Amino acid sequence: MTTALITHKACYDHVTPPGHPEQVARLDAVLGALEGLDLVSVSAPMAADDDLLRCHPQAHLNAVRDAAPADGWRSLDADTHMSVGTLEAAYRAAGGVVKAVDLVMSGEVGNAFAAVRPPGHHAERETPMGFCFFGSVAVAAKHAMEFHGLKRVAIVDFDVHHGNGTQDLVEEDARVLFFSSHQMPLWPGTGAAHETGVGNIVNIPLPEGCSSKVFRDAYTREVFPRLAAFKPELLLISAGFDAHAADPLAGMMLQDDDFAWVTQKLCDVADEHCGGRVVSALEGGYDLEALGRSARAHVKVLKERAR
Ligand SMILES: [Zn+2]
């Protein structure tokens with residue numbers, strides 16, 4: 001069994017203004033770092049509107065489509081900008097994660113990593129924000145339930161920022177158990193432990209300067225037991241690598257090896273409860289070298305554990 005690598009050249013056509021951290025070069029850093037891992041390359045299709053509509057109202061789809069510029073940029077907020085190629089890239093980012101679910105559910109691959117951008121975990125029902133337009137991982141979770149008939153899907157988001165968008169999209173859906181670990185205080189400011197949805201949201205705020213030990217202890221105490229008790233039928237990962245010590249946007253102190261460690265532990269739960277079915281999608285990570293090394297550490301484990 002093997003690991004699918006899902007991406008699309010259109011993800012390079014989402015161009016952000018000069019100096020923006022969520023830059024085209026991130027995708028090169030990730031894909032370059034994954035070379036030699038013997039992954040099955042798959043082209044990311046455009047998401048179907050029907051898939052997006054499980055998370056976002058038609059008005060949101062229309063607003064994003066109408067905001068797409070004919071040239072230059074259109075800024076939706078101070079951080080979130082659309083270039084000519086952004087609309088297609090956002091559709092392929094969401095479609096790529098949905099495709100990853102299809103490949104894993106059909107058993108064509110053991111697990112999958114979607115190296116796509118723009119990221120998705122900050123996009124709320126009707127609000128693009130934080131470099132995100134559509135909630136790709138939440139869209140894929142709903143697809144897994146509505147199309148593949150799953151009853152329990154877990155999402156683990158270890159990006160350094162709170163997955164406010166994913167939380168907004170799943171917080172009323174008890175079929176989804178969502179974990180977000182993140183530095184707090186930090187943008188976007190949400191993600192306190194008392195935000196629990198319908199009992200399906202687990203927020204794990206971590207301090208600035210958070211060490212590998214504090215991170216691992218938090219996951220050992222708050223994520224793995226609860227995840228195992230939920231017995232997910234599919235595990236989705238919002239893989240942001242910006243909790244790395246080298247990242248310029250945050251102040252956590254993780255090292256490359258921490259991403260391998262958390263991936264191993266998540267694969268342990270997936271092996272126990274869902275036949276190893278794991279779908280991971282790129283979120284943040286803004287130091288290009290640390291991003292590449294961390295993504296490689298993460299995907300290398302997925303490849304080793306694919307069954
Ligand atoms: Zn982030």
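Read the numbers this way: they start at 1 and go in the same order the structure lists the ligands and their atoms. Computed over heavy atoms, backbone and side chain alike; hydrogens, waters and symmetry mates excluded. Here the structure is a predicted model, which means the values were calculated and not measured.
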Please name the atom of [X], limited to N, O or S, that comes nearest to the Zn ion (ligand 1).
X: Asp159; answer: OD1
X: His161; answer: ND1
X: Asp242; answer: OD2

Partner set under side-chain contact (heavy atoms from CB on, under 4.5 Å) for Lys213, not counting sequence neighbours
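Residues passing side-chain contact (heavy atoms from CB on, under 4.5 Å) with Lys213: Ser211, Asp217.
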His121: which of Asp157, Thr166, Asn164 passes side-chain hydrogen bond (donor to acceptor under 3.5 Å, both in side chains):
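Result: among Asp157, Thr166, Asn164, Asp157 is the only option passing the side-chain hydrogen bond (donor to acceptor under 3.5 Å, both in side chains) with His121.
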Nearest 0.5 Å please: distance from the CG atom of Asp258 over to the OG1 atom of Thr263.
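These two atoms lie 10.0 Å from each other.
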Under 3.5 Å, is there a donor on one side chain and an acceptor on the other for Ser238 and Glu283?
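There is such a pair (donor and acceptor under 3.5 Å, judged by atom type) between the side chains of Ser238 and Glu283.
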